[in-house]
Amino acid sequence: MLRPYLKYLIPVLVLMIILLAVMTGRSPFGRKNSSFAVKPGSEITRIELLEGEKKLTLEKKEDEWLVNGKEQARKNRIILILDVLNEMKIKSPVSKELFKQEIADKGIEPVRVRVFQGRRLLKSFLVFKTSSNSFGNIMKIREMSKPFIMNLPGTDREIGSL
C-alpha cells in the first residue's frame with residue numbers, strides 16, 4: 001500500500017530538509033542588506049566619514065588615533081565609536097513611505113562610513129541623520145538597499161551623532 005507513495009514521499013522529504021537548512025541559516029532581513037556591525041575579531045585601524053566633498057579620517061598609528069593624519073583624537077571618543085561599530089544592531093526596518101517622508105523629501109544627504117583593517121575594507125554603509133527617532137538613525141548598506149533604524153542595545157544614546 002505504501003510503495004506507490006514512496007517515489008513521491010522521498011523527494012518531498014529531501015526538499016523539505018533542504019528548505020529547512022537554507023531558512024535556518026538566514027538573517028531575518030537578508031545578510032547582504034543588514035550586516036552593519038564589524039565582525040568579531042576584526043581590528044579596526046581606519047575609519048573614513050564622507051559627506052559630500054568633506055572627508056574625515058580617523059587612523060590608528062601605533063597606540064594613538066589621529067584625525068586626518070595630524071591631530072590626536074580623544075581616546076574616550078574613539079572607544080565609543082569602536083563600541084558602536086562593533087555592537088550596533090538593527091532596531092527595526094524602515095518602510096519606503098517613512099524613508100521618503102523623513103529622508104528623501106527633506107533632501108537629507110547621507111554620511112558614508114567606511115571601516116578598514118589595514119587596507120582591507122571591513123564595512124561600508126550610509127548614515128542618514130533624522131530628528132524623528134531619538135534612539136537610532138536610519139542606515140543603509142547601499143543606496144538601493146533596505147533602510148533600517150539602528151541602535152546600540154542596552155543604551156538610549158543616539159548613535160548617529162557619534
**Asked** Considering all heavy atoms of both residues, which atom of Pro110 and which atom of Phe128 are nearest to each other, and what is their separation?
**Response** CB-CE2, 3.4 Å

**Request:** Please name the pair of heavy atoms, one in Asp83 and one in Leu152, separated by the smallest distance, quoted to 0.1 Å.
**Result:** O-CD1, 4.0 Å

**Asked** Side-chain contact, heavy-atom cut-off 4.5 Å: Leu58 with Val67?
**Response** yes

**Message:** Under a 3.5 Å distance rule, please check whether Lys140 uses its side chain to pair with a backbone N or O of Glu143 as donor and acceptor.
**Reply:** yes

**Message:** A side-chain contact here means heavy atoms from C-beta on lying under 4.5 Å apart; do Ile44 and Phe116 qualify?
**Reply:** no

**Request:** Mind checking the CZ-CG spacing from Arg74 to Leu80? Nearest 0.5 Å is all I need.
**Result:** 10.5 Å

**Ser42 side-chain N/O to Val38 backbone N/O, donor-acceptor pair under 3.5 Å** = no

**Message:** I'd like to know if the side chain of Thr57 reaches the main chain of Asn68, judged simply by a donor and an acceptor atom lying under 3.5 Å from each other, with no hydrogens or angles considered.
**Reply:** no

**Message:** So Met139 and Phe36, do their side chains get closer than 4.5 Å, heavy atoms only?
**Reply:** yes

**Prompt:** Looking only at heavy atoms, which two atoms of Leu121 and Ser124 are closest? And how far apart?
**Reply:** CD2-CB, 4.2 Å

**Item:** Gap separating the CD atom of Gln72 from the NZ atom of Lys61, nearest 0.5 angstrom
**Value:** 14.0 Å

**Message:** Can you confirm whether Ile47 sits close enough to Ile81 that some side-chain heavy atom of one is under 4.5 Å from a side-chain heavy atom of the other?
**Reply:** yes

**Fill in**
dist Thr45:OG1 -> Glu59:CD (nearest 0.5 Å) comes out at 7.0 Å

**Asked** In the single-linkage hydrophobic clustering (I, L, V, M, F, W, Y; side-chain heavy atoms under 4.5 Å), do Leu56 and Leu66 co-cluster?
**Response** no

**Asked** Does the side chain of Asn151 come within less than 4.5 Å of Met88's, by heavy atoms?
**Response** no

**Item:** Atom of Ala37, atom of Asn86 and distance for their closest heavy-atom approach
**Value:** CB-O, 3.7 Å

**Complete:** Residue pairs meeting ring-ring contact (aromatic ring centres under 6.0 Å, His included), one or both in residues 48-72, sequence neighbours left out, come to none

**Geometric cation-pi criterion Lys89 and Phe148, 6.0 Å radius, 45° cone** = no

**Asked** Leu50: what forms a side chain to side chain contact (heavy atoms under 4.5 Å, CB included) with it, not counting sequence neighbours?
**Response** Glu48, Lys55, Arg112, Arg114

**Request:** Determine the minimum heavy-atom distance between Glu43 and Gln117, stating which atoms define it.
**Result:** O-CG, 3.0 Å

**Asked** With a 4.0 Å cut-off, would you call Glu102 and Lys106 a salt bridge?
**Response** yes

**Asked** Are Phe125 and Leu49 joined in one hydrophobic group, where the rule is that I, L, V, M, F, W and Y side chains link up if heavy atoms are under 4.5 Å apart?
**Response** yes

**Asked** With a 4.5 Å heavy-atom cut-off, do Ile90 and Met150 have their side chains touching?
**Response** yes

**Message:** Check for me, please, whether Ile78 and Leu122 land in the same ILVMFWY cluster - side-chain distances under 4.5 Å, paths through other members count.
**Reply:** yes

**Asked** What distance separates Lys91 NZ from Ile138 CD1, expressed to the nearest 0.5 Å?
**Response** 12.0 Å

